[in-house]
Every structure is written in C-alpha cells, then in structure tokens.
Amino acid sequence: MDITTYSGKSGTENPSVDSKCPAAIYAAGDAIFRDLVLIGIRSKRRADELNGKLAKLKTAYKKEAAADMAAIIKLRKQLSNYVVAQSKYFKRNRLHKTPYGAYGLRKSTELQVTDLKAVIAFSDEQKLDLYQTIRVSEADNAAIRAAIDEFGAVPGARLVSIDVLRCKPSPEVPGKDVYKEDV
C-alpha cells in the first residue's frame, strides 16, 4: 500500500502502518532506524564531550599564552634596552646575526607634538582636521603626519628619526625540537 494513497477512516491512524502487513516486516526497518538514532545520539554525546574538553584546553592555552606573552614583552624590553645602551656597536652593522635569527636597530620616524596650541592654530588657519576636541584637545597624529607630508612642516609638531629594536627570528632555529619549558 502506498502512503500517498492511504485513506484512514478516523484520521488518527498512522498512514505508514498497513494493518494487513505483518509486524515482522517493520521489525527489520525498526532495528535499522533504532541503530541510526542510537548512533546519532552517541555521536552527539562524543561531540559534546570533545567540545567540553576543547573548551578546557582553550582556557588552559589562554593562561599559558598570557604568561608567554608577558615573558616575551619583558624579554623584548630587556633586549631593546640592551641594544640601545650598546647602540654604538650597532651603527655599522645594524643587525647582529645569531643561529636564532638577528637583532639590532632600525630607523623609525616618530611624530612629536611639541606645541599643541600651534598645531591647532595651523589646523584652523589651513582648514585641516589635525585635532579633535573632546574636553581637552587631542592631536590626530595620522592627520598631522599627512599635513607634514603635504605642507613640509606643521608648527608645533615634528618628525624625529629614532633607532628602535628590530628582531628577526630564524625560520630554522637550532635545537627547537628540544625546547625547554623553563626558558
């Protein structure tokens, strides 16, 4: 009997069950369907369990990564202070090469606002948006840099060339396979 042609009298009968069909006919399909449902439930439980473990691993990793990042910031500052203190040895060869990569100095341009009132006056005179007024005026460094590029100078601001730390780790670090946790 085709389900689409079934016409029950009370409307409450299950159109998928033919009253003339022996129960054994459905038993095989019921067993397959039961296995399908149970395997789906087991799979969902495994996924939920793994997602829970993954969440715990992510939390643990974030704690470890935060500790590593704090150590990296501290060591980078130490190296920067060391290189700046020894800058006379980095004038000729800007980078010192090691088996782990290279470190040294590089030139960087920094914007220094020496007189905010002069910057504001210049901005107003040239009809530029070099500052933002909230309660206290703040310089817009990107706009000031652009104005210096366009006008050559902005009263009260200047670009200063400074040496900053440059680190370039080697892609092939020796001994990376025996990395020590207590480094």
Side-chain angles (χ1 to χ4, degrees), residues 41-124 128-183:
I41 290 170
R42 182 178 67 201
S43 179
K44 173 135 177 33
R45 283 184 186 153
R46 284 181 183 161
D48 291 345
E49 183 181 319
L50 287 174
N51 283 334
K53 288 179 181 179
L54 184 60
K56 288 178 184 176
L57 285 172
K58 282 182 178 180
T59 300
Y61 170 75
K62 285 180 182 178
K63 288 178 185 176
E64 290 174 16
D68 286 348
M69 189 52 65
I72 287 170
I73 290 169
K74 180 181 176 185
L75 289 170
R76 192 169 177 87
K77 185 171 181 142
Q78 283 179 336
L79 183 60
S80 179
N81 290 340
Y82 170 79
V83 170
V84 169
Q86 305 300 327
S87 62
K88 66 183 178 183
Y89 299 108
F90 291 93
K91 293 293 181 199
R92 189 172 209 199
N93 293 328
R94 303 290 289 169
L95 288 176
H96 172 68
K97 293 181 181 175
T98 76
Y100 298 97
Y103 66 92
L105 294 173
R106 69 174 174 85
K107 286 285 183 199
S108 177
T109 304
E110 179 180 274
L111 176 70
Q112 293 180 347
V113 176
T114 55
D115 185 355
L116 184 58
K117 289 181 182 179
V119 170
I120 291 171
F122 179 78
S123 179
D124 292 344
L128 302 171
D129 292 325
L130 301 183
Y131 66 94
Q132 298 173 347
T133 302
I134 302 168
R135 284 191 181 158
V136 177
S137 294
E138 289 183 3
D140 182 347
N141 289 353
I144 294 172
R145 280 179 177 263
I148 289 174
D149 288 344
E150 184 178 337
F151 296 100
V154 171
R158 64 182 178 183
L159 294 175
V160 179
S161 183
I162 59 171
D163 286 327
V164 295
L165 176 66
R166 177 179 178 198
C167 294
K168 186 178 176 185
S170 172
E172 293 301 320
V173 174
K176 69 180 174 186
D177 52 329
V178 290
Y179 176 77
K180 295 180 183 173
E181 289 292 327
D182 57 350
V183 172

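- A salt bridge links Lys53 and Glu49; the closest N-O separation between the charged side-chain nitrogens and carboxylate oxygens is under 4.0 Å.
- In plain terms, the two heavy atoms of Arg145 and Glu110 that are nearest each other are NH2-CA, 3.8 Å.
- Distance check: Ile144 CD1 to Gln112 CD gives 12.0 Å after rounding to the nearest 0.5 Å.
- The NZ atom of Lys74 lies 14.0 Å from the CG atom of Leu79; values are rounded to the nearest 0.5 Å.
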- side-chain contact (heavy atoms from CB on, under 4.5 Å) between Leu75 and Gln78, intermediate numbers included: CA-CA 5 Å; Leu75 289 170; Gln78 283 179 336; 3.3 Å; yes
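- Atom OH of Tyr89 is separated from atom CG of Leu105 by 14.0 Å, given to the nearest 0.5 angstrom.
- We find the OH-CZ distance between Tyr103 and Phe90 to be 5.0 Å, quoted to the nearest 0.5 Å.
- Phe151 CZ: more than 12 foreign heavy atoms inside a 6.0 Å radius.
- Distance CG/Leu159 to CG/Asp149: 7.0 Å, rounded to 0.5 Å.
- Here the side chain of Ser123 pairs no donor or acceptor atom with the backbone of Ile120 at under 3.5 angstrom.
- Here Leu95 contributes atom CG and Thr98 contributes atom OG1; the two are 10.5 Å apart, rounded to the nearest 0.5 Å.
- Using a 4.0 Å cut-off between charged nitrogen and carboxylate oxygen, Asp48 and Lys44 count as a salt-bridge pair.
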- Item | Check against side-chain contact (heavy atoms from CB on, under 4.5 Å), Val113 and Val154 | CA-CA 9 Å; Val113 176; Val154 171; over 6 Å; no
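- For the pairing with Ile73, the side chain to side chain contact (heavy atoms under 4.5 Å, CB included) check across Met69, Lys77, Arg76 returns one residue only, Met69.
- The local environment of NZ in Lys56 is sparse, with at most 12 non-hydrogen atoms from other residues, nucleotides or ligands closer than 6.0 Å.
- Closest heavy-atom contact between Ala157 and Thr114: N-OG1, 4.1 Å.
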